[in-house]
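For reference, the structure is listed below as structure tokens.
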There are 2 protein chains.
Amino acid sequence: MSGKVYCCGLEAALDVIGGKWKVMILWVLHPKPARFGELRRAIPGISEKMLIQSLKEMEADGIVVRHDFKEIPPRVEYVATPFGVSLSEALKPLCDWGQQHMERIESRPGCSKRTTAQGDRADGGKAAEEPAEEPADGAA
Amino acid sequence: MSGKVYCCGLEAALDVIGGKWKVMILWVLHPKPARFGELRRAIPGISEKMLIQSLKEMEADGIVVRHDFKEIPPRVEYVATPFGVSLSEALKPLCDWGQQHMERIESRPGCSKRTTAQGDRADGGKAAEEPAEEPADGAA
DNA sequence: TTTGGCACTTACTAAAAGGTAGGTACTTGT
DNA sequence: ACAAGTACCTACCTTTTAGTAAGTGCCAAA
């Protein structure tokens with residue numbers, strides 16, 4: 001398989017950092033490597049399952065590499081590859097855009113949760129997660 | 001509700017253009033307005049349901065506006081707002097990145113389809129859609 | 001000896017996203 | 001009269017994505 005042809009590059013990119021957690025992971029990772037547990041703690045709501053699943057896909061996509069120190073207790077570091085760094089750079093303007101318009105985006109009804117379009121049943125509504133700042137060095 | 005706090009702007013942005021079709025829709029729309037049927041034809045695999053659902057969410061998010069000519073037969077045009085245009089501009093570098101690395105992304109195994117990570121059953125595998133170029137004027 | 005941390009794995013389940021197929025109201029073309 | 005085109009709406013169902021909770025092997029501290 002693997003014969004998809006994308007329409008505008010954007011689709012290709014979204015295919016790589018799509019999903020709920022990958023951008024956050026890359027965001028934490030791209031300035032400096034981080035260990036599994038470090039990432040888990042750095043990204044509030046993430047489950048271990050999603051974390052390693054995302055990490056594995058990101059590794060398969062070549063945006064991070066796994067560095068196993070083969071120590072005991074286990075010690076593994078994930079590092080952004082140059083490819084991953086280039087992606088994070090391409091992501092920057094979008095990130096800025098999001099930041100700039102964050103209030104507007106945050107305050108729209110059903111933010112991050114609206115299937116309120118057509119028939120399909122729609123319900124639920126919850127939010128509020130711990131915030132977090134951009135990953136600045138100083139937490140290791 | 002609507003009390004989500006994003007971590008890095010990127011999340012906010014992804015919340016607005018996330019999903020399978022929105023970027024394509026914005027991409028078709030941002031250079032010039034398009035009618036519903038025009039969009040449907042411009043975006044190969046999209047269903048009417050997803051098209052109008054996406055359009056509505058995009059309208060609610062203020063990135064497009066619906067212009068109803070109140071004619072019969074119905075005639076409706078969707079136009080990108082300045083907000084939408086700014087988004088499409090922020091999207092540009094990511095689009096370029098995707099375009100630049102498209103082959104690499106396209107040729108990775110399970111492209112656009114790999115749940116091949118952990119336990120969770122994984123199967124299926126299909127691809128190949130009609131390609132398409134960036135929306136160039138000349139189809140109205 | 002029990003607890004806890006490390007980096008995971010696995011199975012099961014819930015929710016979200018997307019797809020299919022039908023219908024609406026109205027008019028024009030055949 | 002009937003098919004087709006406009007722009008949708010609606011119900012139902014499948015696929016994909018994410019979450020929960022438990023387990024693995026190993027070692028150190030309590």
Side-chain angles (χ1 to χ4, degrees), chain A residues 14-15 17-25 33-57 59 64 66-78 110-127 129, chain B residues 11 14-15 17-25 33-41 43-57 59 64 66-78 110-127 129:
Chain A
L14 255 340
D15 231 28
I17 30 87
K20 193 169 177 184
W21 305 105
K22 291 191 189 166
V23 291
M24 271 312 295
I25 295 174
R35 299 179 56 171
F36 181 86
E38 233 174 321
L39 286 165
R40 198 203 323 131
R41 283 184 297 270
I43 303 168
I46 201 168
S47 64
E48 298 194 334
K49 180 198 158 192
M50 286 319 292
L51 180 54
I52 70 128
Q53 187 176 305
S54 305
L55 248 10
K56 284 192 168 184
E57 293 180 1
E59 201 195 351
V64 303
R66 195 186 106 110
H67 180 201
D68 189 344
F69 287 82
K70 282 158 196 314
E71 289 174 6
I72 268 170
R75 172 179 165 79
V76 179
E77 251 186 24
Y78 290 89
C111 168
S112 182
K113 177 128 211 192
R114 64 304 196 354
T115 314
T116 333
Q118 252 52 53
D120 299 10
R121 64 279 149 65
D123 59 287
K126 53 192 166 184
E129 301 259 298
Chain B
E11 288 197 305
L14 255 338
D15 231 28
I17 30 86
K20 194 169 175 182
W21 304 106
K22 291 192 188 165
V23 291
M24 272 312 295
I25 296 174
R35 300 179 55 173
F36 182 85
E38 233 175 321
L39 286 166
R40 197 202 326 132
R41 283 184 296 271
I43 303 169
I46 201 168
S47 65
E48 297 194 335
K49 180 198 160 193
M50 286 320 292
L51 179 52
I52 199 255
Q53 186 177 305
S54 305
L55 247 12
K56 285 194 167 182
E57 292 180 1
E59 201 196 349
V64 303
R66 195 186 106 111
H67 180 200
D68 189 342
F69 287 82
K70 283 156 194 314
E71 290 175 5
I72 268 171
R75 172 178 165 81
V76 179
E77 253 185 21
Y78 290 89
C111 167
S112 185
K113 176 129 213 188
R114 64 301 192 1
T115 313
T116 333
Q118 252 53 53
D120 300 9
R121 64 278 147 65
D123 58 291
K126 53 193 164 185
E129 301 259 301

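If you're wondering where the values come from, they're calculated on a predicted model, not measured in any experiment. Chain identifiers are assigned alphabetically (A, B, ...) following the order of the sequence lines, protein sequences preceding nucleic acid strands; residue numbering begins at 1 within each chain.
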For atom [atom1] of [X] and atom [atom2] of [N], their distance in whole Å:
X       : N      : atom1 : atom2 : answer
B:Asp15 : C:dA16 : CG    : P     : 13 Å
A:Ile46 : D:dT17 : CD1   : P     : 15 Å
A:Gln53 : D:dA18 : CD    : C1'   : 8 Å
A:Trp21 : C:dA16 : CH2   : P     : 14 Å
B:Met50 : C:dA21 : CE    : C1'   : 16 Å
B:Glu59 : D:dC8  : CD    : C1'   : 13 Å
B:Leu51 : D:dC9  : CG    : P     : 11 Å
B:Ile17 : C:dA17 : CD1   : P     : 14 Å

Query raised in the report: The side chain of A:Ser47 lies closest to which of these nucleotides: D:dC12, D:dG19, C:dT27?
Result: D:dG19
Query raised in the report: Taking the side chain of A:Lys49 as heavy atoms from C-beta outward, which of C:dG18, D:dT20, D:dC26 is closest to it?
Result: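 Nearest listed nucleotide: D:dT20.
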**Report entry** All side chain to side chain donor-acceptor pair (under 3.5 Å) counterparts of B:Arg41, not counting sequence neighbours
**Finding:** none
Sort me out a list of protein N/O and nucleotides 2-7 of chain C N/O pairs below 3.5 Å, or just none if empty.
unit_1: C:dC6; atom_1: OP1; unit_2: A:Arg41; atom_2: NH1; d: 3.4
unit_1: C:dC6; atom_1: O3'; unit_2: A:Arg35; atom_2: NH2; d: 3.0
unit_1: C:dC6; atom_1: O3'; unit_2: A:Pro74; atom_2: O; d: 3.1
unit_1: C:dA7; atom_1: OP1; unit_2: A:Arg35; atom_2: NE; d: 2.8
unit_1: C:dA7; atom_1: OP1; unit_2: A:Arg35; atom_2: NH2; d: 2.8
unit_1: C:dA7; atom_1: OP2; unit_2: A:Gly37; atom_2: N; d: 2.9

Requested in this report: Evaluate the side-chain proximity of B:Val64 to B:Ile25: yes if any heavy-atom separation is below 4.5 Å, no if none is.
Outcome: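 B:Ile25 vs B:Val64: side chains apart.
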**Report entry** For B:Glu48, all residues meeting salt bridge (Lys or Arg N to Asp or Glu O under 4.0 Å), sequence neighbours excluded
**Finding:**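 Checked B:Glu48 against salt bridge (Lys or Arg N to Asp or Glu O under 4.0 Å); matches are B:Arg40.
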**Report entry** Separation of B:Glu57 CD from B:Ile52 CD1 (nearest 0.5 Å)
**Finding:** 10.0 Å
**Report entry** CG-CD1 distance between B:Leu39 and B:Ile46, expressed to the nearest 0.5 angstrom
**Finding:**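 One finds 8.0 Å between CG of B:Leu39 and CD1 of B:Ile46.
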Query raised in the report: Does B:Lys20 get its side chain close enough to the base of C:dG18, under 3.5 Å, for a donor-acceptor pair?
Result: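 Per atom types, no contact qualifies.
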Query - Nearest-nucleotide comparison on DNA chain D, the residue closer to the 5′ end among A:Ile72 and A:Ser54 - result: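 Nearest nucleotide further toward 5': that of A:Ser54.
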Hey, can you pull the donor-acceptor pairs under 3.5 Å for the side chains in residues 70-77 of chain B, sequence neighbours left out?
none

Report task. Of all the heavy-atom pairs spanning B:Trp21 and B:Gly45, show the shortest one and how long it is. Result -> CH2-C, 3.6 Å
Query raised in the report: Would one find a side-chain N or O of B:Lys56 under 4.0 angstrom from OP1 or OP2 of D:dC8?
Result: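 Result: no.
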